[in-house]
Every structure is written in structure tokens, then in C-alpha cells.
Amino acid sequence: MVVNMKKIKSRVFNAVNPNNKQSAVFDRFILILVFINIIFIVLETFEGFLEIADYIFIYVEIFTVIIFILEYVCRLWTADMLYTKKSPFRARLKYMFSFMAFIDLFSFLPFALPFLFRFDLRVLRMLRLVRLLRLFKVTRYAFVKTLAGISVVVRRKAAQLLISMLVILIFIMVMSVLIYTAEHDVQPEVFKNAFSGLWWAINTITTIGYGDVYPVTVTGKILGGITAFLSVGFVAIPAAVLSAGFIEESHKKNEAKKEKKHFCPHCGKNLD
């Protein structure tokens, strides 16, 4: 019986964990289920949808919640096989407090809470929107390696990114105070304080241009032109840092692949 339980647990672990041949079917099943739920959430915003397909949505929701609960329980049960260096209790505790575990939990928790507690209808609506977190479950199955690569680059370039963001923040604060000083006397109802200038500076730097706040004085227009011109370079700094990080990471991976290859000492042909 003990041997059989170990085999069952091993199969469950292989089924629910990605990057495993045995988990391919389960991965696709969960992905399809997540996207079906997202489609239903979008369709809910159309008038008359719930009147037509309310019963279908309820059954899909119940089926989804059951599957996600079973998935969460299986991952919790097999956590000690994922974190082999920890005791079963500590392994399960580590999983419970991991980012993906919270995503797994909130993917079904909003459905269960209304049955346990009474909520205001507005709060209930917000809980239903939490179901959008199910989309984050895709990251476990589809983009694990990509996200890992991005996180590596961000960690390596954290200092440069922080400095570049700090420079942008200082630039925004300076321009918001300057535009407030230039426009307050002419447009006191628009530029009430530096926060109004901050909103204008963000609009200008991001080139959104809502048109709700804009300068009318000559000084203000000159400041607007300077802000728009300089922001092109400032906003591009974080993108340049990340691009350089991805290029460096790509070079490192290529060099690592070359080192692993075996070449013929005579002709230089790859022997792998």
C-alpha cells in the first residue's frame, strides 16, 4: 500500500509540474480552461450575454473551480517532491507562500467566498473580477523560461534601471513645479498645485496628450517643448538598459553552448 501511494504521488507530481512529458496533456487542459474563462469574463461585459448563456457560464465556473481546487491540493500534497531539501511540512509551507500558490488560491477562492460570507453586491462584483488572476496561471505553463530570462536581466540591471527611473522621476518633478509656476496665475483652476503640473508632465512625457491640461502662456509652451524633446531621451534609457541586458544574456548563452560542444582537433568539425 505504501509503495502504491508513492507511485501515485510520483505520478501526480509529474502530471501537475511543467517541463515534463507526462504533464503535457494536463498543461494543455489547464491552458484551454484558463482561456475559456477569460473569454467568458470578456463576454460578460456585453449586454444580454448572461440572459442567453447564464446556465452555461455557471456550469463552466463550477467545473473550473473544482479542477483548480484539485490542482491546488495536488500541488500542496506533492510540494515535498518539489522542494526535496526541506521537510514535508516546510515544503508545503514554502509552496503555500509562493507567488504561484497565491495565484492558484485566488483562481478559485472568489467563487467560494460568497457562500461562506455575506457581501455587498459591489464587493461581490470586485471578487468576480479577481478571476482575471487566472490568466497568470498561464505563466506557469507557457512562459516559464521566458519569464526566468526576463527576471535574470532585471536583477542584473536593477541598479541601472533604478538610477534611470530616479532620473525620470526627478525630471518629472522639476518640470511639474516649473509648469505650475508658469501657468498658475493664468490658469488657477487648471494648475491648482504642483500635482496638476505633475499630471501634465506625465501626459507630456508619455505623449498621451489627453488635452485636459495644457499650457497657454509663452513660458509654459516653451517648457512644454523642452519637456517633450528631453523626454524622448529620458524614457528611452530604461529600454536601452533592458535591451543591453538581453543582448548580454544572449551572448552568454551562446558562449555557454559553444563551450559544451566538442570539435575535432584536426578539421574543427562539430562532433556533437
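Residue indices begin at 1 and follow the sequence shown. None of these values were measured; they are calculated from a predicted model.
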Note to self: Taking Val174 as the starting point, is it possible to reach Ile172 by hopping between hydrophobic residues whose side chains are less than 4.5 Å apart?
What the structure shows: yes
Notebook entry, point to check: According to a 4.5 Å side-chain heavy-atom criterion applied to Ile, Leu, Val, Met, Phe, Trp and Tyr, with indirect links allowed, do Val216 and Val218 form part of one hydrophobic cluster?
Noted result: no
Next item on the list: Give a yes or no answer on whether the side chain of Thr217 reaches the backbone of Gly220 with a donor-acceptor pair at less than 3.5 Å.
Entry: yes
Note to self: I'd like to know if the side chain of Glu71 and the backbone of Ile30 have a donor-acceptor N/O pair within less than 3.5 Å.
What the structure shows: no
Next item on the list: Taking Thr84 for its side chain and Met81 for its backbone only, find out whether a donor-acceptor pair lies under 3.5 Å.
Entry: no
Check: side-chain contact (heavy atoms from CB on, under 4.5 Å) with Ile208: which residues, sequence neighbours excluded?
Finding: Asn203, Thr206, Tyr210
Notebook entry, point to check: Between Met96 and Tyr72, does a side chain to side chain contact (heavy atoms under 4.5 Å, CB included) hold up when you go through it step by step?
Noted result: CA-CA 9 Å; Met96 288 175 65; Tyr72 183 82; 4.0 Å; yes
Notebook entry, point to check: For atom CZ of Phe234, is the number of surrounding heavy atoms from other residues, nucleotides or ligands below 6.0 Å larger than 12?
Noted result: yes
Notebook entry, point to check: Is a side-chain N or O of Arg92 found less than 3.5 angstrom from the main chain of Ala79, in a donor-acceptor match?
Noted result: no
Next item on the list: Return yes if some donor-acceptor pair links the side-chain N/O of Arg75 with the main-chain N/O of Ala101 below 3.5 Å, else return no.
Entry: no
Notebook entry, point to check: Do Ile168 and Ile237 touch side chain to side chain, with heavy atoms closer than 4.5 Å?
Noted result: no
Notebook entry, point to check: Side chains of Ser98 and Tyr95: does their closest heavy-atom pair fall under 4.5 Å?
Noted result: yes
Check: So do Asp104 and Phe68 actually touch side chain to side chain, heavy atoms under 4.5 Å?
Finding: no
Check: How long is the span from the CG atom in Leu178 to the CD1 atom in Ile222, to the nearest 0.5 Å?
Finding: 12.5 Å
Check: Closest approach of Lys9 and Asp80, non-hydrogen atoms and distance?
Finding: NZ-OD2, 2.9 Å
Check: Does the pair Arg156/Glu248 count as a salt bridge with the N-to-O cut at 4.0 Å?
Finding: no
Item checked: Side chain Thr204, main chain Trp200, donor-acceptor under 3.5 Å -> yes
Notebook entry, point to check: Should Ser196 and Val190 count as side-chain neighbours, where that means a heavy-atom distance under 4.5 Å?
Noted result: no
